[in-house]
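Here is the structure we will look at.
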Protein chains: 2
Amino acid sequence: MNQGFLAERLGRYLRLVESERDALGELGEAERLVPRGTVLRAEQASARELYVVERGWLYSSILLPDGNRQILSIHLPCEFAGDAGMPWDKAPFTLIAATDAMVRIIDKAALRALFERHPRLGLLLYTLAQAERVALADRLASVGRTSAKARVAALICDISSRLRAGGEDVTHGIPLPLTQEEIGDATGLTAVHVNRMMRQLAEEGLIARTHGRVHILDETRLAGVANHIDRFATIDTSWLPTG
Amino acid sequence: MNQGFLAERLGRYLRLVESERDALGELGEAERLVPRGTVLRAEQASARELYVVERGWLYSSILLPDGNRQILSIHLPCEFAGDAGMPWDKAPFTLIAATDAMVRIIDKAALRALFERHPRLGLLLYTLAQAERVALADRLASVGRTSAKARVAALICDISSRLRAGGEDVTHGIPLPLTQEEIGDATGLTAVHVNRMMRQLAEEGLIARTHGRVHILDETRLAGVANHIDRFATIDTSWLPTG
DNA sequence: CGACTTTTTGAACGGCATCAACGACTGTGG
DNA sequence: CCACAGTCGTTGATGCCGTTCAAAAAGTCG
């Protein structure tokens, strides 16, 4: 699996042929280790590359002039990071490592070559970009129109189902290596209120917490209060060309 | 410009060659007239197609179980609508006409053919999808981390700069054919509070309002209270293959 | 152990929601 | 041309959810 993080991710959605696997394997130029808390790429920094998370978690965020921060999305292993910056030569967001992490660096030019030589993979990447857009839209609905408790629940549900989609065993709790401050920045709340909502979810028997991990006790009810829809579970690639 | 809405839009970012223009012209199968308030496509409805707005405004929204609604994005003339639904066979959002509108219908299969025959256009579509994702992220930051006044201001700035990017003359005010209820659903506020914030923006001399139109009096200050960044003005396609 | 970050809890405040009512406008049918 | 209904905009009064401020407890790392 050494050269295969990208192929593994894309292979979840499409049966890849040999030449496609090879092309994906050659895509990444270099790896980079990013210790927890480090800025991998700052807003407005030059952005000629994108990343694939190989280990650890990253997140992208925007800093507002008044010092407020919004975390836009969390990037789990095997997912892209920084790909939303493609349309610009300066990064629109800041990328930070939530845990010690390892990323593989992919150059824009390499992505261009991939689209030209493997249009089918291009179409798949397009499709996945649209799926990310929908994920962001779901978060917008959560932040714009639901209560604090629902937002925190939604974050937990989202991470859980993405970890599960990534093949991780979720039955014995999931890691949640984010400070309550970070959870607040992701959900549009203060750290103080995040704390209260987590406690409330625990008191209601929906989750249990143990230093850095969360155990989902009642998945159905939690998804209910969160208004969660697991969209990534049902991605339809049947209309893509066959390899 | 009869066959060229898509070519016109994409031509803003890339100098298209003849064969590409032809391919884009043949992409749309049919047109459809959508009167104001009509649902073009409901959440969960079968979704084998996407749309290009030819006239009028649409918006996509999610309806929460409690009856709350979040408007996710507004689709202006020459923009795509429903393209975020590509990864699924059921539509993730509802598409509604904000004004009487005309859309051109594009089949998923036609898009697939476009990617295969014109990888460069595929890459451009991928890039634009990422740009839409960033626009959504900016809205998330607005809704999650700014005041009611800032959110309303941001909506006005966003629409204004997109209309301008579309070639519309913005100096004598912009149309805003949305009810305050709809503006509230887009910004995560109630219609009542939208009203108050609009009045406040007017009292502060930032905007002027006349039935259905808004005049931006002080663009710099308005962009300031909105934390607005005009990202679409600077899309960089220099790394794409040359035609 | 000491400095720092993170979590937790309490008390008081405020922005936005909620509820309610009225006015302005639009279209429709008599 | 007017009566009427329906939608939308406007304004006031009240209340609650989440913020802000403050401080202590618990965890982490040198």
Side-chain angles (χ1 to χ4, degrees), chain A residues 35-38 64 66-71 96-100 142-156 175-204 207-214 225, chain B residues 35-38 59 64 66-71 96-100 142-156 175-203 207-214 225:
Chain A
R36 167 175 150 72
T38 308
L64 297 177
D66 61 6
N68 258 323
R69 183 174 71 157
Q70 176 70 49
I71 291 183
I96 296 180
T99 71
D100 291 343
S142 175
V143 169
R145 284 300 191 201
T146 76
S147 70
K149 203 208 292 184
R151 295 186 216 175
V152 173
L155 185 74
I156 295 170
L176 190 62
L178 301 173
T179 67
Q180 296 184 349
E181 179 100 37
E182 288 167 331
I183 296 174
D185 285 343
T187 53
L189 299 167
T190 57
V192 172
H193 208 59
V194 167
N195 184 290
R196 291 194 236 268
M197 294 303 105
M198 300 264 289
R199 194 170 58 74
Q200 207 171 315
L201 289 173
E203 279 172 359
E204 292 172 9
I207 63 172
R209 294 176 295 160
T210 48
H211 43 261
R213 293 186 71 86
V214 170
V225 313
Chain B
R36 167 176 149 70
T38 308
Y59 56 81
L64 299 177
D66 61 7
N68 259 322
R69 182 174 71 157
Q70 176 71 46
I71 291 183
I96 295 180
T99 70
D100 291 343
S142 175
V143 169
R145 283 301 190 202
T146 75
S147 70
K149 202 208 292 186
R151 293 186 217 174
V152 173
L155 185 73
I156 295 171
L176 191 61
L178 301 173
T179 66
Q180 295 184 348
E181 179 101 38
E182 288 167 332
I183 296 174
D185 285 344
T187 52
L189 300 168
T190 58
V192 173
H193 209 58
V194 167
N195 184 292
R196 290 194 236 268
M197 293 303 104
M198 298 263 288
R199 195 168 61 72
Q200 208 171 315
L201 289 173
E203 279 172 359
I207 62 171
R209 295 176 294 159
T210 49
H211 43 263
R213 294 186 71 86
V214 170
V225 312

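Quantities reported herein were computed from a predicted structural model and do not represent experimental measurements. Naming convention: chains lettered A, B, ... in sequence-line order (proteins, then strands); numbering from 1 in each chain.
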Readout for nucleotides 23-30 of chain D: B = base within 4.0 Å of protein heavy atom, S = sugar-phosphate only, - = neither; 5' to 3' it is --------
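- Applying the side-chain hydrogen bond (donor to acceptor under 3.5 Å, both in side chains) test to residues at least two apart or on different chains, the pairs with a partner in residues 144-153 of chain B are A:D185-B:R145, B:K149-B:E204.
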Pair B:I183, B:L176 - check side-chain contact (heavy atoms from CB on, under 4.5 Å), show working.
CA-CA 10 Å; B:I183 296 174; B:L176 191 61; 3.9 Å; yes
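- Direction change of the helix axis from one end of the helix from C:dC1-D:dG30 to C:dG30-D:dC1 to the other is 40°, with five pairs defining each end axis (rounded to 10°).
- Near DNA chain C, meaning a heavy atom under 4.0 Å from it, residues 181-198 of chain A has A:V192, A:N195, A:R196 in order of number.
- OP1 or OP2 of D:dT10 has at least one side-chain nitrogen or oxygen of B:R209 nearer than 4.0 Å.
- No donor-acceptor pair closer than 3.5 Å links the side chain of B:R209 to the backbone N or O of B:V214.
- Under a 3.5 Å cut-off, the side chain of A:D100 and the backbone N or O of A:R36 do form a donor-acceptor pair.
- Residues B:P35 and B:A97 approach most closely at O-CB, 3.5 Å, considering heavy atoms.
- First and last contacting nucleotides of DNA chain C toward chain A (any atom under 4.0 angstrom from a heavy atom, 5' to 3' order): C:dT6 to C:dA11.
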Evaluate the criterion side-chain contact (heavy atoms from CB on, under 4.5 Å) for residue pair B:E182 and B:I96; output intermediate values, then yes/no.
CA-CA 11 Å; B:E182 288 167 332; B:I96 295 180; 5.7 Å; no
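- No engagement by A:R145 is indicated, since no non-hydrogen atom pair under 4.0 Å with the nucleic acid exists.
- A search for salt bridge (charged side-chain N to carboxylate O under 4.0 Å, His left out) contacts involving A:R196 returns nothing, not counting sequence neighbours.
- Nearest heavy-atom pair across B:A186 and B:V143 is O-CG2, 4.2 Å.
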